[in-house]
Each structure stands twice: as structure tokens, then as C-alpha cells.
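First the structure, in the form of C-alpha cells, and then the observations on it.
These figures come from a predicted structure and were not determined experimentally.
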Amino acid sequence: MRRVLCFGDSNTYGYSPVDGQRYGDDINWPGVLDRLLGDKFEVINEGKNGRTVAFDDPYKVGCNGMNDIESCIEDHEPVDLVIIMLGTNDLKVYFDASPQIIAENLREMCTLVQTKTDARIILASPALLGDQIEFSPLHLEFGRTQVDYSFELAPYFEKVAKEVGAEFIDLAMVAMSSDVDCLHLMPEEHAKVAQAMRDKVLWIFREELAREEREEEEARRREEEEARLREEQERQERERAIEAEREAAERAARLREEQERQERERAIEAERAARCQAEEEAKLREEDRNRAAREKMDRDAEEGARLRLQAILKAAENELHKDEAQETGGLDADFVLGNDLGEAGQEAAGTVETPGTGISSSSSEKEKMLSGKLYICDDALRAEAAEARKITTVYNQTTNAEISKRTELLTRLFKKVGKTPYIEPPFRCDYGFNITVGDEFYANFDCIMLDCANIKIGDHVFFGPKVNIYTACHPIYAPVRNQQLEYAKEVTIGDDVWIGGNVTINPGVHIGNNVVIGSGSVVTSDIPDGVVAAGNPCRILRRVSEADKKYWEEQMTQIR
């Protein structure tokens, strides 16, 4: 049986952040590891609350790990593996120790272990400190610098492991500290650590375990062979005693058995032949179906190409009519802001017949766009986009003193506007009529909304500068894309959302309520309620917790 010594701090000891008691062996990770490894290993828990690698804690006597590592090894000899999981307590403010210093102390501890025993070593970089620890009951011992340092421990520890010939495991990739005190592990995190440790231990002893398994298998086979030989000897003795009486019966039995075997083989061969024939027939039928499907796809492709060509010719014809109409003059900006477009405005938007042609601009492409189908930007859509450009041009030329004028312009431009919207110029959009914003919406400079589909924004939503929302999509397949075909997917943003600067929100994304998106993120998939998310692609970093609420409410009371 191999003996595994777990030498660590309170997270090895099994300290509970909820009530300060010690988790039982059915919860703390050394106890769970002992159960997972089975009867070929014995796991020894030598965790101690407050233990450091090499510092004497003025508030906790006897916690210097360098002073008691030797006695622990001697008390539990022989030891086959030492797991060292330390470093968190060395980050305390009053030690003023950098990750480099802690790693150097850890190298000295490994050297000391190697002088006392031939046991193998696993260096475990501990879980990260919670980012709210400076507001927890442990704030006098750990601050923001210590949180940053906890991110730097793993690279230094891994370097030490390579230098001393030890194995390394980064527990920050396995478990998270609790929200209670941002330091200690909850039961489910202990289970994750135990599982990761089990995998590492089995990998270290893989060759020995495989060899033992082979030896056990060989021993079992020898025992079975010996038992078989004994049984054979007994059988032969019994047969010799009744040989004369059994010979006739055995010959008859062998003959019947041979006949039955031959019949079974013939039946199996017949079944195999029938199965092969059925498979061949199924294969032929599948080939017929595939050939028919390919022929249908070819026909559909030809029909699609014909329809696209018709659409392109129709667009060219409409463009020609548009050029002829433009010879009589266009609309000015003041007319665009009026309530009624009139006949000239309707003609520009493609909603009445063009005189002399007998051909009217259809709204079918707009309907396709709004329904999420492939469409071509025809004259009617280009006219509506041009109207939106004129309104945004006027909007972007307004000053901060013209708040009422800005609100009026947004009301004309957008599908729906809540109370007190505020958008810092410059602002750009495709059409405007697909945009809905709730109460107290704010967008900083350089916001872009490509609203080929609906963009729905809830109440109390704040945008940083250069936030881009895209609903426009283009086909992946180039021959279709080259026909100027595109489509659109709706984007929704819930209530109470803060989106940082330079964030891109891709088509089809739905962001829930009470969400914070970090600056520079590219949001490619849905974000649920009540989380902080960031990155490219954007991913969930953590929940918006009760601790956040308490902290910011307290901060707010201090300024009143």
C-alpha cells in the first residue's frame, strides 16, 4: 500500500468558511482522495490552519511549514508521495512577500523533503483569492495586491516543480474560493480538488500500477491454470475408472455434437449471406436516394440562380428609374423631418408607382428582411436608409444645449423611445425603425446600431463609447453571398444593463437583465440574467452577488 502525505494549510485541513468548523473526511479533499484511490493507497491529512511555507506568523504560533515538514515525514514513514499545497497564507499583508519570494521558499522546502525521503512530490498552486476579499472579514490580512499576487503563484510554482523534478497541478483551474470569505473552499470545491488530485496521483504511479495489475492478472491465471490441471487430473482418474462404460456413449455424443455444430455453422452462414444481401440492397437504395437528392439540389440551384438574376435585373431597372426621377431634384433635410412625406417622398421610398413606367417598387424585400429571410437591398430599402442618414446627420450636428431637439429627432427615427433618452453624437444606424429603447437609455460617443432586424433595449441601459450592435448577416457560402443576398437576426438587451466601451454585439444575441459586459468584449452568444461577462468571445466571469449589492449600497450611503 502506498502512503500519500498531504501537507497543506486550512484548505487541506478542511476549514469551513460557513461556521469555522472542520469538514469531515467525507468532505475535505484528502479524505475524499483516500476514498477515490481505493485500497492500494493510504492518504494522510497533515493540513494545519494558517500554515505558511517559511514565515513565522506573529498571530498564529507554530504555523511555519519549514519547521515541521521533517517531523511530519518522520512520523508517517514510509512515505511514497508528498503533496504540498501551500502559499496562500504567505500572501498576507504583513509578510510583504512577492510570488517570487514564496516560490524560492517553496524550492527550499522541496530540497529539504528530498533530503529526508525518496518520495515523489506534487506541488499544488492554490485556488485564487476572491476579488472581494478586501471587503470580507479577512480584509486586514489580504488586500487587492494579494488578489493580484494569487494570479501569479502558478507560473512560479510550476517553474520550481520543473527545477526540483516534482509534478505540478494548478488548482486555480480546478476550484474557486467561496463567496463567504473569498479564501476557503466549499464542499463541492473540495470534491473537485480531490478528483484532480486522484488523476494526478494515478498518472504518477501509472507504470507501477500497470505492472502490479499485470502481476495480479498473471497470478490469477496461474491459479486458474493450476485449478484446471487439478480438475483435469481428477477428471482423468474418474474417466479411467469408467473408461470401458463411457467409450460408446462418448462416441455417440461426439457424433451428435459434430452434427449440431455443422448445422449451426450452416445456419450462421445462411444468416450472414442474407444480411450481406440486405446490406447491398440497402446500399443501392441509398445511392438512388442520394442521386435523386443531388439532382434536386442541382435543379434548385439553377432555379435560385434564375430568381437572383431576375432580382438583379429588377434592381437595375429600378435604379434606372431612380436616376431619371433624380433629374427633377431631391428632398432637403427640413422636409425629411416633417410628419408627411407627400407624393415625392413616397416615390423616393418606393411606395407609389413611378410615372410613365407602370412598375411600382415592392415592399417584399423589406418583409423578407424583417422576417429573417434572405433579401436584396432594393430601391425601397435604400430610400428608407437614406432618410435615416439625413436624420442622423442633423442629429450629429446638434449641440448639448439642444436636448429637446435631440429627443424629437430620436422619436422620429426610432420605433419606440422611453423617457429621457440620451445619445452622445455621433450616432449611426441603418434604418432606425427597428430600434426600441426603454426609459433612461444612455449611449456614449460613436454608437452604431445596424438595425436590419429588431434591436430591443430595456430600461436603465448604459452604453460606453464605441458600442456596436449588429443584426446584419451574410451567407457563409460565397456564390450566394456574391449575389448581394443578406439576412438579419434580432438583438435584445434586458433592463439594468451596463455595456463597457468598444463592445461588439453580434446578430441574434440576447442579453438578460442585471448584466455587466466588460469593455472590448465580442458577444457571440446569449448572456443570462445577473452576471458579469467579458472577453473575446465574451464569457461569464462570475455572478452579480449579494456582496456586490451590500458593498455598493454602503458606498452610496457614504456620499449622501
Side-chain angles (χ1 to χ4, degrees), residues 4-25 27-31 43-77 79 82-117 119 121-130 133-134 136-143 145-147 149-150 153 156-157 160 171 177-178 180-185 190 193:
V4 179
L5 176 63
C6 301
F7 188 76
D9 51 25
S10 54
N11 273 330
T12 300
Y13 173 84
Y15 180 90
S16 170
V18 177
D19 56 14
Q21 301 298 312
R22 184 182 188 183
Y23 291 131
D25 288 341
I27 295 179
N28 68 63
W29 71 261
V43 179
I44 304 162
N45 188 340
E46 274 292 343
K48 179 185 287 187
N49 290 335
R51 176 174 281 157
T52 66
V53 177
F55 293 123
D56 292 315
D57 194 323
Y59 305 102
K60 291 184 176 63
V61 179
C63 291
N64 188 329
M66 199 73 77
N67 294 337
D68 54 13
I69 183 69
E70 292 184 67
S71 61
C72 282
I73 293 175
E74 292 173 354
D75 291 343
H76 299 292
E77 282 288 3
V79 176
V82 178
I83 300 176
I84 301 176
M85 179 178 164
L86 292 172
T88 299
N89 290 306
D90 298 74
L91 291 172
K92 290 180 178 178
V93 174
Y94 43 81
F95 291 141
D96 193 25
S98 66
Q100 297 96 315
I101 294 175
I102 298 172
E104 289 297 325
N105 292 336
L106 188 62
R107 179 187 290 105
E108 183 178 349
M109 176 176 283
C110 291
T111 302
L112 180 60
V113 170
Q114 290 172 336
T115 62
K116 297 294 296 182
T117 177
I121 300 174
I122 294 177
L123 292 186
S125 178
L128 303 176
L129 296 176
I133 197 169
E134 57 187 310
S136 75
L138 300 175
H139 67 279
L140 295 177
E141 297 178 320
F142 300 93
T145 299
Q146 283 65 45
V147 173
Y149 277 172
S150 70
L153 287 179
Y156 287 104
F157 280 24
V160 169
L171 296 183
S177 56
S178 70
V180 178
D181 63 2
C182 300
L183 175 65
H184 293 100
L185 303 177
H190 275 274
V193 172

Just do the side-chain contact (heavy atoms from CB on, under 4.5 Å) check on L171 and W29 with the steps written out, would you? CA-CA 12 Å; L171 296 183; W29 71 261; over 6 Å; no
Test side-chain contact (heavy atoms from CB on, under 4.5 Å) applied to L91 and S150, step by step: CA-CA 8 Å; L91 291 172; S150 70; 4.0 Å; yes
Decide yes or no on side-chain contact (heavy atoms from CB on, under 4.5 Å) for Y59 and E141, but give the supporting numbers first. CA-CA 11 Å; Y59 305 102; E141 297 178 320; 5.6 Å; no
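To the nearest 0.5 Å, atom OG of residue S10 and atom CG of residue L183 are 5.5 Å apart. If you take OG1 on T52 and CD1 on I102, they are separated by 9.5 Å, rounding to the nearest 0.5 Å. Note: E77 CD to K116 NZ = 8.0 Å, rounded to the nearest 0.5 Å. Expressed to the nearest 0.5 Å, how far CG of D56 lies from CG of N67 amounts to 6.0 Å. Interatomic distance, I69 CD1 to E46 CD, rounded to the nearest 0.5 Å: 8.5 Å. Here N11 contributes atom CG and N49 contributes atom CG; the two are 9.5 Å apart, rounded to the nearest 0.5 Å.
Taking 4.5 Å as the limit, every side-chain heavy atom of S98 sits out of range of all side-chain heavy atoms of Y156. At a threshold of 4.5 Å between non-hydrogen side-chain atoms, the residues L129 and S177 do not count as touching. Between E134 and V147 there is no side-chain heavy-atom pair separated by less than 4.5 Å. You'll find the side chain of N89 stays beyond 4.5 Å of the side chain of D57, heavy atoms only. Between L138 and C182, every side-chain heavy-atom pair lies at or beyond the 4.5 Å cut-off. Residues R51 and Y13 are not in side-chain contact: their nearest non-hydrogen atoms beyond the backbone lie 4.5 Å or more apart. Side-chain atoms of I84 and M109, non-hydrogen and from C-beta on, do get closer than 4.5 Å to each other.
Taking Y15 as the reference, H184 meet the ring pair (Phe, Tyr, Trp, His ring centres under 6.0 Å) condition, with sequence neighbours excluded. In this structure F55 satisfies the ring pair (Phe, Tyr, Trp, His ring centres under 6.0 Å) test together with F95, sequence neighbours excluded. Remark: Y23 engages H190 in a ring pair (Phe, Tyr, Trp, His ring centres under 6.0 Å) (not counting sequence neighbours).
No option in D75, V43, V79 other than V79 meets the side chain to side chain contact (heavy atoms under 4.5 Å, CB included) test with L5.
A donor-acceptor distance shorter than 3.5 angstrom exists from the side chain of N45 to the backbone of T12, with no hydrogens or angles considered. Side-chain atoms of H139 come within 3.5 Å of backbone atoms of S136 as a donor-acceptor pair (strictly under, hydrogens ignored).
At a cut-off of 3.5 Å, with distance as the only test, no side-chain donor of S71 or D68 sits close to an acceptor on the other residue.
Under a cut-off of 6.0 angstrom, the local environment of CG in D96 is sparse, with at most 12 non-hydrogen atoms contributed by other residues, nucleotides or ligands.
Scanning both residues, C110 and L123, for their nearest heavy atoms gives SG-CD2, 3.5 Å.
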